Amino acid sequence: MCVPLKALLVSLKTPSHCTKKLDQTLAQTIITGLIYTNKAWNTILRAYSKTNKPIQTLIIYNHFIQSNSIYPDNYTYPVIISASARLHCVPKGKETHARVVKVGVDSDLYVQNALIYFYGFTGLLRDARQVFDTMCGRDVTSWNTIIGCYGGKTSLRTEMMILFRGMVCEGVRADRITMVILLTVCGQSRGLEFGRVIHGYIVKMGMEYELNVENALLDFYIEMGRIHMAREIFDGMAEKDIVLWNSIIHGYVKEKRPEEALELLVYMENELVQPDETTIVSLLTACSSLSNLKCGRHIHRIVLRNNIKQDLFVQTALINMYFKCGGLEDAMIIFFKMKHKDVFTWTTTIEGLARSGFETKALKLFNQMEKQGTRPNEATFVSTLTACRQAGLVDDGCRLFKRMIEVYEIQPSIEHFTSLVELLSKAGLLHQAEEFISVIVPQERLIAYKTLLSACMSYSEINLGLKIADKLLHLGSLSNEVYVLLSNFYAEAGLWYKVEETRKAMKEFNMRKQTGVSYIELPSSRKLP
DNA sequence: CTAGGGTTAG
């Protein structure tokens with residue numbers, strides 16, 4: 001291998017911060033015609049495909065096929081096919097498929113596996129299946145790839161299960177990657193039973209205590225809400241890596257058991273395991289849900305002390321934590337210091353400001369966000385509508401609602417509708433509010449009806465109120481609280497016989513009007529870090 | 001020399 005090429009490969013292995021330089025070196029190498037074997041071309045292509053730059057891979061490939069008297073071979077095509085897949089470039093993949101047939105390497109195992117991946121990844125499941133079904137000598141990668149295809153967007157779990165059985169029947173030994181793929185899909189598609197079958201297989205094949213497999217298993221049980229099972233697996237692991245720690249901590253946060261998540265930090269420190277960015281994000285979320293500022297600051301100090309990289313995730317989680325714990329100024333300091341913000345950063349801050357009573361400021365931030373070119377998403381609009389609702393900004397609320405649908409083509413969710421109904425109701429625009437309720441799917445109308453009925457009471461709109469009360473009663477299986485609201489409304493309207501009826505109905509549901517109780521959180525006596 | 005999987009924020 002010539003010297004410039006070697007230098008190139010060295011620079012390819014270095015992190016991506018010097019890509020510009022790298023591309024120049026490469027261009028020069030290509031122009032000066034120093035790559036004169038297809039093996040060398042393949043080496044470059046492989047290195048490039050690993051840097052997650054499929055477009056570059058294809059550009060280099062174009063140079064390759066233009067060069068005289070050296071040709072791509074069976075080592076080249078898998079890289080090209082995989083790059084086409086990652087680019088979602090169907091024509092390029094199909095073209096390459098045609099080419100491999102033409103040059104006669106279409107029966108190469110690696111080429112075929114790459115083709116399965118390409119078709120599966122681009123959603124052409126039938127084509128993927130055809131390659132898979134017609135090939136002979138399938139190996140474990142072929143099986144993993146086709147199984148992975150079925151676990152994609154469509155998540156055809158039954159199909160996947162049949163394939164897995166087929167694999168076992170053919171005597172192909174599933175490996176740890178098979179297990180990870182299957183468990184991930186089971187977790188995402190709520191396939192508890194199938195996941196348990198996989199767990200059994202793992203034990204039978206002696207794949208327990210393999211970190212990757214056990215981590216996938218742990219995630220699976222966490223996804224299924226089986227934190228106890230996840231903990232059992234966690235405790236049983238002799239060697240724990242950071243991912244395993246992160247998963248179990250995230251599990252407790254997800255299960256709304258933040259104290260236990262924070263407790264794990266202590267164990268982690270005892271075992272001299274350093275938390276990383278992911279750990280920090282989960283721990284900050286735990287502090288947020290506890291509204292424990294002291295604890296949040298402690299985590300922040302860990303970030304500073306351990307030189308943990310303050311990436312977008314960490315910074316956004318910090319902002320969120322400070323808002324939820326009442327550290328508004330700290331939240332804003334971090335926000336303003338950030339050079340690069342994404343939609344999550346903006347949304348967290350907009351929501352935080354809205355919840356802290358700075359609704360106008362929140363809306364200003366939304367405008368800034370749009371000006372800056374960040375596309376708001378569903379959650380961003382939940383936050384902005386919350387701001388409008390709280391401050392009674394009817395015009396802004398309606399404008400934003402319209403903008404969400406017309407400019408950003410976001411389908412309004414129940415939350416958006418409910419917010420808007422509340423905004424209109426509180427402003428006394430009761431009939432408009434009613435119109436919006438009719439767009440909500442019937443089974444989700446409860447909150448909106450409640451809001452509107454309360455508004456009817458405060459605006460003494462008895463006729464509309466009666467209509468809404470009727471609709472509420474038709475929903476059936478109402479809670480205690482709703483019955484109280486109804487009877488209060490009837491009392492307000494002076495319809496005492498209706499009050500009586502409501503109380504009777506309430507009794508029938510075996511409920512009693514409860515004394516008003518509210519709960520406040522006392523500082524935890526438990527020792528937290 | 002080539003193909004396939006995985007944790008975190010609103």
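These numbers were taken from a predicted model, which means no experiment stands behind them.
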What nucleic acid atoms does [X] come within less than 4.0 Å of, heavy atoms only: base, sugar-phosphate, or nothing?
| X | answer |
| --- | --- |
| Leu312(A) | base |
| Asn320(A) | sugar-phosphate |
| Asn38(A) | nothing |
| Asp73(A) | nothing |

Original post:
For Phe313(A) and dA9(B), are the ring centres under 5.5 Å apart with planes inclined under 30°?
Top reply: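 Stacked: ring centres under 5.5 Å, planes under 30°.
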
Subject >> Distance below 4.0 Å between His250(A) side-chain N/O and dT7(B) OP1 or OP2 >> reply: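 No, outside the criterion.
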
Original post:
Can you tell me if the side-chain N/O atoms of Ser247(A) get under 4.0 Å from OP1 or OP2 in dG6(B)?
Top reply: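 Checking dG6(B) against Ser247(A), no side-chain N or O comes under 4.0 Å of OP1 or OP2.
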
**OP:** Take the protein atom CD1 of Ile202(A) and the nucleotide atom P of dG5(B), then report the distance between them rounded to whole Å.
**Re:**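 Checked: the CD1 to P distance equals 18 Å.
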
Original post:
Between atom OH in Tyr61(A) and atom P in dC1(B), what is the gap in whole Å?
Top reply: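 Going from OH in Tyr61(A) over to P in dC1(B) covers 21 Å.
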
Original post:
Hey, does the side-chain of Asp175(A) have a donor or acceptor N/O within less than 3.5 Å of a partner on the base of dG4(B)?
Top reply: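 Yes.
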
Original post:
When only distance counts, do a donor and an acceptor, one from the side chain of Asn113(A) and one from the base of dG4(B), lie under 3.5 Å apart?
Top reply: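 There is none.
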
**OP:** Look at atom CD of Gln372(A) and say whether more than 12 heavy atoms of other residues, nucleotides or ligands are closer to it than 6.0 Å.
**Re:**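 Count over threshold, so yes.
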
**OP:** Compute the centroid of each ring, for Tyr267(A) and then for Trp245(A), and state whether the two points are separated by less than 6.0 Å.
**Re:**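 Not under 6.0 Å, so no.
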
